[in-house]
Participant: 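Dumping the structure here so I can ask a few things about it.
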Amino acid sequence: QPNAETTFSSLGTALERIHPGALLLSALALVLLIVWDKTRLKKLKLLPGPLAVVVLATVLNAVFAAVAPSLQLTNGHLVSLPVARSFEELSALFVFPDWSVIGNPDVWRFAVTIGVVASLESLLSLSATNRIDPYRREPSTNRELVAQGIGNSLSGLVGGLPVTGVIVRSAANVDAGARTKWSAILHGALLLTAALTIPAVLNLVPVAPLAAILLYTGFKLAHPRLLKHAWSQGLFQFIPFVVTVVAILLTDLLVGIGVGLAVGLTFVLIEHLRAPC
């Protein structure tokens with residue numbers, strides 16, 4: 001975080017700021033997602049569990065506004081997208097680069113950091129997606145990074161956010177039965193269409209159920225059985241695994257992976273010293 005704190009260091013403050021409405025919607029979302037995956041509802045391809053969760057949470061939040069205002073989520077607890085009511089307002093959303101700061105070392109430092117983090121996140125997401133792909137196809141990491149570099153360059157030129165591969169979006173495509181790269185293109189086109197045509201509707205969606213979807217998807221991808229599997233590989237595999245996870249949680253993705261790589265390299269060197277070729 002900008003204040004250099006992590007989830008753990010600010011946990012006490014976070015517990016003092018629990019919103020009952022957010023807690024209730026998150027709990028309901030998690031229960032619905034679990035039930036959806038365990039019953040025949042999972043076969044409803046046109047209505048996936050996450051979409052049902054978002055719709056239900058949005059409706060419930062509207063009900064809260066009428067019958068229990070103290071539970072209603074507003075302002076920072078909702079999705080926040082700019083609403084352009086004219087072509088001029090839409091054009092104003094695009095911000096072009098200020099080339100006068102190209103010599104500022106801070107700009108380059110942040111650019112390199114974002115580039116490295118985005119690349120690592122995309123490669124990790126690609127690896128995770130490969131594991132859940134029912135066809136077990138081997139994707140091209142080079143092509144992924146080249147495409148991401150082009151996308152980031154174009155996005156940055158108009159004031160857009162960095163482009164990265166995201167495991168939640170990839171998992172959604174796999175769960176929907178997607179088989180080709182066109183699913184990612186269609187996914188992006190649908191997101192763009194929704195953001196341009198119904199931003200006011202999307203701004204009614206609470207963030208809490210979206211967080212619940214991330215939690216549930218993350219749990220399925222990082223199931224406790226992975227810890228058991230890492231342990232079965234021996235200490236030389238288990239220790240770098242645990243160190244990497246802890247380092248990421250206590251710092252950030254870039255630092256955590258760096259620490260994990262250093263520890264992993266140390267164990268590789270030790271292994272080679274014990275059994276030289």
Participant: Flag the pair L157 / P97 as yes when at least one side-chain heavy-atom distance between them is below 4.5 Å, and no otherwise.
Facilitator: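 The answer is yes, as the side chains (C-beta and beyond) meet within the 4.5 Å cut-off.
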
Participant: Hey, does F64 have a side-chain heavy atom less than 4.5 Å from the side chain of S70?
Facilitator: no

Participant: Any sub-3.5 Å donor-acceptor pair from N61's side-chain atoms to L73's backbone N or O?
Facilitator: yes

Participant: I'd like to know whether NZ of K220 has more than 12 heavy-atom contacts from other residues, nucleotides or ligands below 6.0 angstrom.
Facilitator: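 Above 12, so yes.
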
Participant: Grab the two heavy atoms, one from L124 and one from I257, that are nearest each other, plus how far apart they are.
Facilitator: CD1-CD1, 3.5 Å

Participant: Mind checking whether L60 and L28 have side chains closer than 4.5 Å, heavy atoms only?
Facilitator: yes

Participant: Is the side chain of N203 donor-acceptor paired with the backbone N or O of L81 at a distance under 3.5 Å, no angle test?
Facilitator: yes

Participant: Looking only at atom types and distance, does a side-chain atom of W231 sit under 3.5 Å from a main-chain N or O of Q237, one as donor and one as acceptor?
Facilitator: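 Looks like no, no N/O pair under 3.5 Å.
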
Participant: Could you pull out the closest heavy-atom pair between V158 and F96, with the gap in Å?
Facilitator: CG1-CE2, 4.2 Å

Participant: Taking the side chain as every heavy atom from C-beta outward, state whether L47 and W36 have any atom pair closer than 4.5 Å.
Facilitator: yes

Participant: Are there more than 12 heavy atoms of other residues, nucleotides or ligands under 6.0 Å from atom CZ of R143?
Facilitator: no

Participant: Do V263 and T244 have side chains that approach each other closer than 4.5 Å (heavy atoms only, starting at C-beta)?
Facilitator: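 No, their side chains stay 4.5 Å or more apart.
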
Participant: Looking at every non-hydrogen atom in both residues, tell me the closest pair between V53 and P209 and how far apart they are.
Facilitator: CG1-CB, 3.8 Å

Participant: Compare every heavy atom of R179 with every heavy atom of Y135, then report the nearest pair and how far apart it is.
Facilitator: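 Heavy-atom minimum between the residues: OH-NE, 2.9 Å.
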
Participant: Taking the side chain as every heavy atom from C-beta outward, state whether S125 and T164 have any pair of such atoms under 4.5 Å apart.
Facilitator: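 Side-chain contact under 4.5 Å: no.
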
Participant: Within a strict 4.5 Å, meaning less than it, do heavy atoms of the F236 and V268 side chains meet?
Facilitator: no

Participant: Of the non-hydrogen atoms in P134 and V174, which two are nearest, and what is the gap between them?
Facilitator: CD-CG1, 4.0 Å

Participant: Look at atom CZ of R137 and say whether more than 12 heavy atoms of other residues, nucleotides or ligands are closer to it than 6.0 Å.
Facilitator: yes

Participant: Ignoring hydrogens, what is the shortest heavy-atom contact between L204 and T58? Give both atom names and the distance.
Facilitator: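 Here L204 and T58 meet closest at O-CG2, 3.7 Å.
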
Participant: List the steps and the verdict of side chain to side chain donor-acceptor pair (under 3.5 Å) for N142 and S140.
Facilitator: CA-CA 5 Å; N142 290 335; S140 171; 5.2 Å; no

Participant: A side-chain contact here means heavy atoms from C-beta on lying under 4.5 Å apart; do T141 and L123 qualify?
Facilitator: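 A side-chain contact under 4.5 Å exists here.
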
